[in-house]
Novice: 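Below is one structure. I have some questions about it.
All values reported here derive from a predicted model rather than from experimental measurement. Side-chain atoms are counted along with the backbone in the values below, which use heavy atoms only and exclude waters and symmetry mates.
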Amino acid sequence: MLDAEPDAVAGVAYLHNAETTGVADLLTLEPDQHGALFTHSTRDQLITYLQSRLSPAHGTAAADELIDSPLAPSRPLLRATAEEILHADRFVLLDQQQVAVSLVRRAVKKAREADSKEVLIVTGGPGSGKSVIALHLMRHLAHDRHTVVHATGSKFFTRTLHHAVGTDNPRVRKLFGYFMNFADTPKNGLDALICDEAHRIRAHSIRHRGVRQIDELLDAARVPVFLLDDHQVVRPGEMGSREAIDQAAAARGLRPRHIDLNGQFRNGGSRAYEQWVLRLLQLADEPATEWADERTFRVQVVGSPQQMEDLLRAKEAQHLTARITAGFCWRWSDSRRGRLVDDITIGSWHKPWNLRGESRLDGVPPSWLWATDPDGFGQVGCIYTAQGFEYDWNGVILGEDLVWRQGRWIANPRASRDPALSSTDSATFFRLVRNTYKVLLTRGMCGTLLYSTDPETQARLRQLVPAAGAAEPVPPTPVQQPT
């Protein structure tokens with residue numbers, strides 16, 4: 001509303017205790033349509049000015065119109081966003097990623113010019129560059145002066161994006177929000193809404209009973225864009241999948257356009273390994289197969305958590321990033337009380353979970369920086385801190401919540417300490433715990449080390465992964481791209 005009427009807002013400064021002679025220096029500034037200065041001496045001029053700007057009619061209708069008008073980033077803010085995001089091309093697009101960005105840009109331009117609506121769904125596994133696409137879209141759409149906002153369902157992921165973008169402009173940071181922020185956005189109030197990590201979309205609105213969150217997101221923009229991985233739904237109440245978004249769009253008479261990144265991986269990471277993990281966890285129709293190391297990716301089953309730590313520490317010493325994650329099978333003490341507790345104990349090996357607090361503690365980074373801060377190596381991450389991130393070398397400890405018995409996986413809810421899964425039925429738990437390990441197992445870009453606390457499951461892993469001895473993987477080109 002106000003964007004279409006640039007003169008609708010003006011500023012007034014009234015120095016009610018000042019006389020004109022006492023503030024003569026301030027009065028050297030010429031008044032203009034955006035602001036004027038008045039003092040106690042010129043109170044009558046203030047009244048005349050206000051009468052010239054304000055309508056004698058009651059203001060209720062105008063106030064309602066203002067409140068109900070769409071909220072959108074200002075043009076100067078969009079220019080600032082375009083300038084600050086991806087400065088100096090720190091994030092590079094590959095072929096299929098460039099195609100995706102071009103398709104979305106054309107869709108937004110067409111929808112705005114034709115007053116139409118289109119839904120796009122971008123799917124891809126770990127390392128396919130979904131978030132790189134999201135950041136490039138933010139840059140290009142802001143440069144094209146389209147109103148655009150980036151949203152996720154993860155506080156950790158969004159805060160790390162702030163860190164990755166590297167901007168100190170608080171207004172630019174506000175363009176990176178959360179799925180729950182669009183409950184009251186006017187329909188098509190934005191040109192584009194970039195929903196990153198869209199598998200984290202909740203089934204229900206946070207604010208409006210009986211409303212689905214996917215409907216709020218679809219309604220918020222002319223072109224909502226959903227970037228997701230169907231196998232990363234790991235919590236009860238999450239529904240973000242290609243099928244679910246297709247159905248919600250179809251209910252509005254919309255037919256989404258699909259962009260598949262699964263054939264496109266950047267340098268580092270392995271498409272073959274992701275397929276191997278899907279088969280391993282029986283998330284694909286094909287049976288599990290024996291892993292064969294690639295030139296750029298290696299898998300090893302270790303004999304103990306200590307061996308895993310030693311091997312990964314050696315990678316860190318080579319200036320590669322390495323992290324250990326585990327299934328949520330141990331309690332997670334509240335480190336906000338001032339110390340980390342070694343909650344994870346396996347034989348003589350013990351380690352704390354990552355910090356739960358928001359501030360650094362004795363050199364340990366806060367939870368949202370665990371995956372990217374060099375000091376995060378000494379703690380074990382879980383699904384809540386690992387999802388959405390990546391590192392060169394990945395160590396995964398499988399707990400007793402998922403074990404191999406008589407040719408198939410068996411889920412054990414009693415072994416889980418994850419409060420989010422405490423009240424799920426057995427079928428839901430089985431699906432979510434396998435998705436959880438799929439996420440944990442696919443964080444590495446050079447290789448993965450595996451260990452299970454269950455002897456029979458450990459034997460299964462050794463059956464599928466040959467003994468170590470393959471050539472050292474070629475490290476990826478150091479291009480900064482969040483998953």
Novice: Answer yes or no: is there a donor N or O on one side and an acceptor on the other, between the side chain of Arg323 and the main chain of Tyr391, under 3.5 Å?
Specialist: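 Checked: no pair found.
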
Novice: Does the distance from a Lys or Arg side-chain N to an Asp or Glu carboxylate O, for Asp229 and Arg200, drop under 4.0 Å?
Specialist: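 Answer for the salt bridge query: no.
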
Novice: When rounded to the nearest 0.5 angstrom, what distance separates OG1 in Thr448 from CZ in Phe297?
Specialist: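 Going from OG1 on Thr448 over to CZ on Phe297, the span is 4.0 Å.
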
Novice: If you measure from SG on Cys382 to CD1 on Ile344, what distance do you get to the nearest 0.5 Å?
Specialist: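 Atom-to-atom, Cys382:SG and Ile344:CD1 are 8.5 Å apart.
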
Novice: I want to check something: taking the side chain as every heavy atom from C-beta on, are Trp370 and Leu355 in contact at a cut-off of under 4.5 Å?
Specialist: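 With C-beta onward as the side chain, the pair stays apart.
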
Novice: Side chains of Asp246 and His258: do they bring a donor and an acceptor to under 3.5 Å?
Specialist: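 Their side chains do contain a donor-acceptor pair, which is all the 3.5 Å distance test asks for.
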
Novice: Is the shortest heavy-atom distance from the side chain of Thr289 to the side chain of Leu464 under 4.5 Å?
Specialist: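 A side-chain contact is absent here, since even the closest heavy-atom pair is not under 4.5 Å.
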
Novice: May I ask you to test the Ile133-Ile194 pair for a side-chain heavy-atom distance under 4.5 Å?
Specialist: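 They are not in side-chain contact.
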
Novice: Among His199, Glu197, Lys130, whose side chain to side chain contact (heavy atoms under 4.5 Å, CB included) with Leu228 holds?
Specialist: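 Single side chain to side chain contact (heavy atoms under 4.5 Å, CB included) partner of Leu228 among His199, Glu197, Lys130: His199.
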
Novice: As an exercise, state the distance from CD of Gln306 to CD1 of Ile346, rounded to the nearest 0.5 Å.
Specialist: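 Reported value, rounded in 0.5 Å steps: 11.0 Å.
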
Novice: Under the 3.5 angstrom rule, does the side chain of Lys315 hit a backbone N or O of Asp310 as a donor-acceptor pair?
Specialist: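 Not at all, since once roles are kept as given, no pair shorter than 3.5 Å links the two residues.
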
Novice: Is a donor on one side and an acceptor on the other found under 3.5 Å between the side chain of Lys187 and the backbone of Arg222?
Specialist: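 Such a contact is absent between Lys187 side chain and Arg222 backbone.
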
Novice: So Ile214 and Phe226, do their side chains get closer than 4.5 Å, heavy atoms only?
Specialist: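 Phe226 reaches Ile214 side chain to side chain.
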
Novice: Is any side-chain heavy atom of Tyr384 less than 4.5 Å from a side-chain heavy atom of Asp418?
Specialist: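 Side-chain contact under 4.5 Å: yes.
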
Novice: Identify the heavy atoms of Arg356 and Ser333 that sit nearest to each other, and give their distance.
Specialist: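 For Arg356 and Ser333, the tightest heavy-atom pair comes out as CD-O, 3.4 Å.
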
Novice: Evaluate the criterion salt bridge (charged side-chain N to carboxylate O under 4.0 Å, His left out) for residue pair Lys438 and Glu274; output intermediate values, then yes/no.
Specialist: CA-CA 8 Å; Lys438 187 266 182 182; Glu274 190 203 1; 3.3 Å; yes

Novice: Taking Trp409 for its side chain and Leu280 for its backbone only, find out whether a donor-acceptor pair lies under 3.5 Å.
Specialist: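 Between the backbone of Leu280 and the side chain of Trp409 there is a qualifying donor-acceptor contact (under 3.5 Å).
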
Novice: Can you find a pair of side-chain heavy atoms, one from Val108 and one from Leu137, that are under 4.5 Å apart?
Specialist: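 Side chain of Val108 against side chain of Leu137, heavy atoms only: no contact under 4.5 Å found.
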
Novice: Distance-only, no hydrogens or angles: does the Thr457 side chain make a donor-acceptor pair with backbone N or O of Trp404 under 3.5 Å?
Specialist: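 Such a contact is found between Thr457 side chain and Trp404 backbone.
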
Novice: Rounded to the nearest 0.5 Å, what's the gap from SG on Cys195 to CD on Gln213? Could you check?
Specialist: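 Rounded to the nearest 0.5 Å, the SG-CD separation comes to 9.0 Å.
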
Novice: Pair Leu320, Trp393 - check side-chain contact (heavy atoms from CB on, under 4.5 Å), show working.
Specialist: CA-CA 8 Å; Leu320 298 171; Trp393 281 88; 3.8 Å; yes

Novice: Under the criterion side chain to side chain donor-acceptor pair (under 3.5 Å), I'd like the reasoning laid out for Asn354 against Ser367: C-alpha separation, chi angles, the key distance, then a yes or no.
Specialist: CA-CA 6 Å; Asn354 60 264; Ser367 53; 4.9 Å; no

Novice: Is it true that, when you exclude His208 itself, more than 12 heavy atoms of the residues, nucleotides or ligands shown sit nearer than 6.0 Å to its NE2?
Specialist: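 Check passes, neighbour count above 12.
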
Novice: How long is the span from the CH2 atom in Trp349 to the OG atom in Ser304, to the nearest 0.5 Å?
Specialist: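 So the CH2 of Trp349 and the OG of Ser304 are separated by 9.5 Å.
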
Novice: Is it the case that the side chains of Arg235 and Gln387 hold a donor-acceptor pair, with the cut-off being a distance below 3.5 Å and no angle test?
Specialist: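 Yes, Arg235 and Gln387 have a side-chain donor paired with an acceptor closer than 3.5 Å.
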
Novice: Shortest non-hydrogen contact from Ala420 to Pro236?
Specialist: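 Looking at all heavy atoms of both residues, the shortest contact is O-CG, 3.0 Å.
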
Novice: Please determine whether side-chain contact (heavy atoms from CB on, under 4.5 Å) holds for the pair His140 and Val101, giving the CA-CA distance in whole Å, both sets of side-chain angles, and the decisive distance to 0.1 Å.
Specialist: CA-CA 9 Å; His140 290 301; Val101 169; 4.0 Å; yes

Novice: Taking the ring of Phe328 and the ring of Trp353, is the distance between their centroids below 6.0 Å?
Specialist: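 Yes - the distance between ring centres of Trp353 and Phe328 falls below the 6.0 Å cut-off.
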
Novice: Only one of Leu190, Asp191, Val223 clears side chain to side chain contact (heavy atoms under 4.5 Å, CB included) with His146; which?
Specialist: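 Checked Leu190, Asp191, Val223 against His146; only one passes side chain to side chain contact (heavy atoms under 4.5 Å, CB included): Asp191.
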
Novice: Taking the basic N atoms (NZ, or NE/NH1/NH2) and the acidic carboxylate oxygens, is any pair closer than 4.0 Å for Arg405 and Asp454?
Specialist: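 Yes, this pair counts.
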
Novice: Assess whether a salt bridge exists between Arg252 and Asp215, defined as any Lys/Arg side-chain N lying under 4.0 Å from an Asp/Glu carboxylate O.
Specialist: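 Salt bridge: yes.
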
Novice: Do you know which of Asp392, Asn394, Thr325, Val396 makes side chain to side chain contact (heavy atoms under 4.5 Å, CB included) with Arg443?
Specialist: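 That would be Asn394.
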
Novice: One pair to check against side-chain contact (heavy atoms from CB on, under 4.5 Å): Glu243 and Gln247. What are the steps and the verdict?
Specialist: CA-CA 6 Å; Glu243 181 181 4; Gln247 292 174 354; 3.4 Å; yes

Novice: Would Thr123 and Leu261 count as a side-chain contact (heavy atoms from CB on, under 4.5 Å) if you check the C-alpha gap in whole Å, the side-chain angles of each, and the deciding distance to 0.1 Å?
Specialist: CA-CA 6 Å; Thr123 54; Leu261 301 175; over 6 Å; no

Novice: What do the steps show when you test Glu118 against Arg257 for salt bridge (charged side-chain N to carboxylate O under 4.0 Å, His left out), and what is the final call?
Specialist: CA-CA 8 Å; Glu118 185 169 1; Arg257 182 184 299 188; 3.2 Å; yes

Novice: Do the side chain of Asp401 and the main chain of Pro413 share a donor and acceptor less than 3.5 angstrom apart?
Specialist: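 No: the side chain of Asp401 does not pair with the backbone of Pro413.
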
Novice: Evaluate the salt bridge (charged side-chain N to carboxylate O under 4.0 Å, His left out) criterion for residues Glu309 and Lys351: first the C-alpha distance (whole Å), next the side-chain angles of each, then the deciding distance (0.1 Å), finally the verdict.
Specialist: CA-CA 10 Å; Glu309 180 183 357; Lys351 278 288 180 290; 3.2 Å; yes

Novice: More than 12 non-hydrogen atoms from neighbouring residues, nucleotides or ligands closer than 6.0 Å to CD on Glu290, yes or no?
Specialist: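 Buried by this count: over 12 neighbours within 6.0 Å.
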
Novice: Answer yes or no: is there an ion pair linking Glu216 with Arg207, defined by an N-O contact shorter than 4.0 Å?
Specialist: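 No salt bridge links Glu216 with Arg207.
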
Novice: Verify whether the ring centers belonging to Tyr273 and Trp291 lie closer than 6.0 Å.
Specialist: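 Ring centres of Trp291 and Tyr273 closer than 6.0 Å.
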
Novice: Would you find more than 12 non-hydrogen atoms of other residues, nucleotides or ligands less than 6.0 Å from Asp285 atom CG?
Specialist: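 No, CG of Asp285 has 12 or fewer neighbouring heavy atoms, counting only those of other groups under 6.0 Å.
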
Novice: For the side chain of Thr436 and the backbone of Leu432, is there at least one donor-acceptor N/O pair under 3.5 Å apart?
Specialist: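 Indeed, once roles are kept as given, a pair shorter than 3.5 Å links the two residues.
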
Novice: Decide, yes or no, whether a salt bridge links Asp373 with Arg360 under the criterion of side-chain N to carboxylate O below 4.0 Å.
Specialist: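 Looking at Asp373 and Arg360, the cut-off is met.
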
Novice: So, Thr442 side chain and Val439 main chain: donor-acceptor pair closer than 3.5 Å or not?
Specialist: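 It does hold such a pair.
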
Novice: Is a side-chain donor or acceptor of Arg434 paired with a backbone partner of Gln282 at a separation under 3.5 angstrom?
Specialist: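 Side chain of Arg434 to backbone of Gln282: a pair is present.
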
Novice: Hey, does Leu193 have a side-chain heavy atom less than 4.5 Å from the side chain of Val148?
Specialist: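 No, every pair of side-chain atoms sits at 4.5 Å or beyond.
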
Novice: Checking salt bridge (charged side-chain N to carboxylate O under 4.0 Å, His left out) for the pair Arg313/Glu316: CA distance, chi angles, key distance, verdict?
Specialist: CA-CA 5 Å; Arg313 193 177 296 279; Glu316 286 272 320; over 6 Å; no

Novice: Keeping the roles fixed (side chain from Gln458, backbone from Val302), state whether a donor-acceptor pair exists under 3.5 Å.
Specialist: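 Yes; judged by distance alone, with no hydrogens or angles, the pair exists.
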
Novice: Do the side chains of Asp362 and Arg339 get close enough for a salt bridge, i.e. N-O under 4.0 angstrom?
Specialist: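 Judged by the 4.0 Å cut-off on N to carboxylate O distance, Asp362 and Arg339 do not form a salt bridge.
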
Novice: Roughly how far, to the nearest 0.5 Å, is the CG atom of Asp375 from the OG1 atom of Thr372?
Specialist: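 One finds 11.0 Å between OG1 of Thr372 and CG of Asp375.
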
Novice: Validate the cation-pi geometry between Arg417 and Trp330: distance from NZ or CZ to the six-membered ring centre under 6.0 Å, angle to the ring axis within 45°.
Specialist: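 Ring-cation test returns no.
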
Novice: In the structure I gave you, are the side-chain heavy atoms of His150 and Asp196 within less than 4.5 Å of one another anywhere?
Specialist: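 Counting from C-beta outward, His150 and Asp196 do come under 4.5 Å.
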
